Number of protein chains: 2
Amino acid sequence: MKLAPDEMRQRFRARGLKMTPQRAAIYQALAGTTSHPTAEDLHRQVRRQHPMISPNTVYYTLGVLREAGLVYEVNYWHDRSRFDANIDLHHHLICLGCRSIQDLTDEALDRLAVSDRAKAGFSITGHRVEFHGYCAACCRRGRAGRGVGTDERRSDEGSLGVL
Amino acid sequence: MKLAPDEMRQRFRARGLKMTPQRAAIYQALAGTTSHPTAEDLHRQVRRQHPMISPNTVYYTLGVLREAGLVYEVNYWHDRSRFDANIDLHHHLICLGCRSIQDLTDEALDRLAVSDRAKAGFSITGHRVEFHGYCAACCRRGRAGRGVGTDERRSDEGSLGVL
DNA sequence: TTCCTTTTTAGGAATGATTCCTATATAGCA
DNA sequence: TGCTATATAGGAATCATTCCTAAAAAGGAA
């Protein structure tokens, strides 16, 4: 998952973004995990290399990367935004127990279509499927399902995982 | 879309919820629109019948209704939560221009499945598909598409529609 | 109906993620 | 190497949402 510095430079340049040590660290941290961290998670992580980096810079940078299409922002029933450097089409498994998000790649799901009648003038540019349920860890812990859109709070197991 | 008082009473009672004039008004307002209003939208609406109702009551009530499974909460790239009294399985068309949300009913989409291999121990209880693009109004206005997860702000055309 | 207990309501204060503002520092180009 | 536009840090501000509390009301029991 470690992104080559040249590759990163490449991607930034292609979208006319300036490269700074802070941005490199933020993007690197995000590209190096599949845990869909929050801005705060990323700030904690990046602070190890850049002790003076401000949360502000993390928010600003994530905004810039999002506008440039280099990161994707998700917010299902979370109290804050989560980010993903995987911008290839993929889908999500969202745990109603711990609120974790796993990526799901599935060719068949990439090809969904809607009848012209049903979409009634809406012009579709993309889609994504969210599956709800309970992750392996929460199943093991014995999590009976409540409804979707419910408010169980995450038990929070450090959403940056190993790095 | 007007919900019969008896039917509403029925639904509340079935889940052991107390019925109050405020709750009736909030649920009625939500059931009477497909525009996925925010708590604030609902507060503005309900205030017409209940001038003294507090935003607090709206938030609290929506929370109660959500826990009871009577309303669904969504938040894609919005800055606040939006609510939906349609709890039957359905999908969403999300406009990247004005941030509006339309419901989409499609039997085929209701039947998506994932291979056991791909879900790796995740126990799926439900799913929902989000389509991104531009609504008819935004297409007319000539909205060229940017990326998904982008931050165009809604032009805000009173999300409660006619009522 | 009336009483009683529990839950709801309103309102004010608090919380906390995110954004705004600004002076200084730095990237990237000429 | 110098210039200009942009990024950074940090402090203050915003604003949706939640917390706290006293008073009011719902719903069941008598």
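It should be emphasised that the depicted structure is a prediction, and the values quoted were computed from it without experimental measurement. These numbers come from the heavy atoms of this one structure, side chains and all, not from hydrogens, waters or symmetry mates. Letters A, B, ... are given to chains in the order of the sequence lines, protein chains preceding strands, and every chain is numbered from 1.
Distance, B:Glu73 CD to D:dT17 P: 8 Å, rounded to whole Å. Between A:His43 atom NE2 and D:dG10 atom C1' there is a gap of 11 Å when expressed in whole angstrom units. The CZ atom of B:Arg23 sits 6 Å away from the C1' atom of C:dT8 (whole-angstrom rounding). Whole-Å rounding puts the A:Leu65 CG to D:dT8 P distance at 10 Å. Regarding B:Gln22, its CD atom lies at a distance of 5 Å from the P atom of C:dT9, rounded to whole Å. Between B:Arg80 atom CZ and D:dC15 atom C1' there is a gap of 9 Å when expressed in whole angstrom units. For the pair B:Trp77 CH2 and C:dA17 P, the computed distance is 23 Å after rounding to whole Å. Taking atom CG of residue B:Asn75 and atom P of nucleotide C:dA17, one finds them 15 Å apart after rounding to whole Å.
Comparing A:Leu17 and B:Pro55 by the nucleotide of DNA chain D that holds the closest heavy atom to each, the one mapping nearer the 5' end is A:Leu17.
Cation-pi geometry between A:Arg128 and A:Tyr72 is met: the NZ or CZ atom falls under 6.0 Å from the ring centre, inside 45° of the normal.
B:His92 and B:His36 have their aromatic ring centers within a separation under 6.0 angstrom.
A:Ser81 has no side-chain polar atom (N or O) that falls below the 4.0 Å cut-off from OP1 or OP2 of C:dA17. The phosphate of D:dA9 (OP1 or OP2) has a side-chain N or O of A:Ser54 nearer than 4.0 angstrom. At least one side-chain nitrogen or oxygen of B:Tyr60 sits closer than 4.0 Å to the OP1 or OP2 atom of C:dT8.
The main-chain N or O of B:Thr57 is never found under 3.5 Å from a side-chain atom of B:His43 such that the two would form a donor-acceptor pair.
With sequence neighbours excluded, no residue forms a side-chain hydrogen bond (donor to acceptor under 3.5 Å, both in side chains) with A:Ser123. Among residues two or more places apart in sequence or in another chain, the side-chain hydrogen bond (donor to acceptor under 3.5 Å, both in side chains) test is passed with B:Ser81 by B:Glu73.
Here B:Glu40 lies out of heavy-atom contact (under 4.0 Å) with every strand.
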What's touching nucleotides 21-27 of chain C from the protein side, N or O pairs under 3.5 Å?
| from | atom 1 | to | atom 2 | distance (Å) |
| --- | --- | --- | --- | --- |
| C:dA27 | O3' | A:Met19 | O | 3.1 |
| C:dA27 | N3 | A:Lys18 | NZ | 3.4 |

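Comparing C:dG11, C:dT9, D:dT17 against the side chain of B:Met52 picks out C:dG11 as the nearest. Residue B:Tyr59 places its side chain closer to D:dT18 than to any other of C:dA17, D:dT18, C:dT9.
B:Tyr27 and B:Ala85 get closest at one heavy-atom pair: CE1-CB, 4.3 Å.
Using a cutoff of 4.0 Å between basic side-chain nitrogens and carboxylate oxygens, B:Arg9 and B:Asp6 are not scored as salt-bridged.
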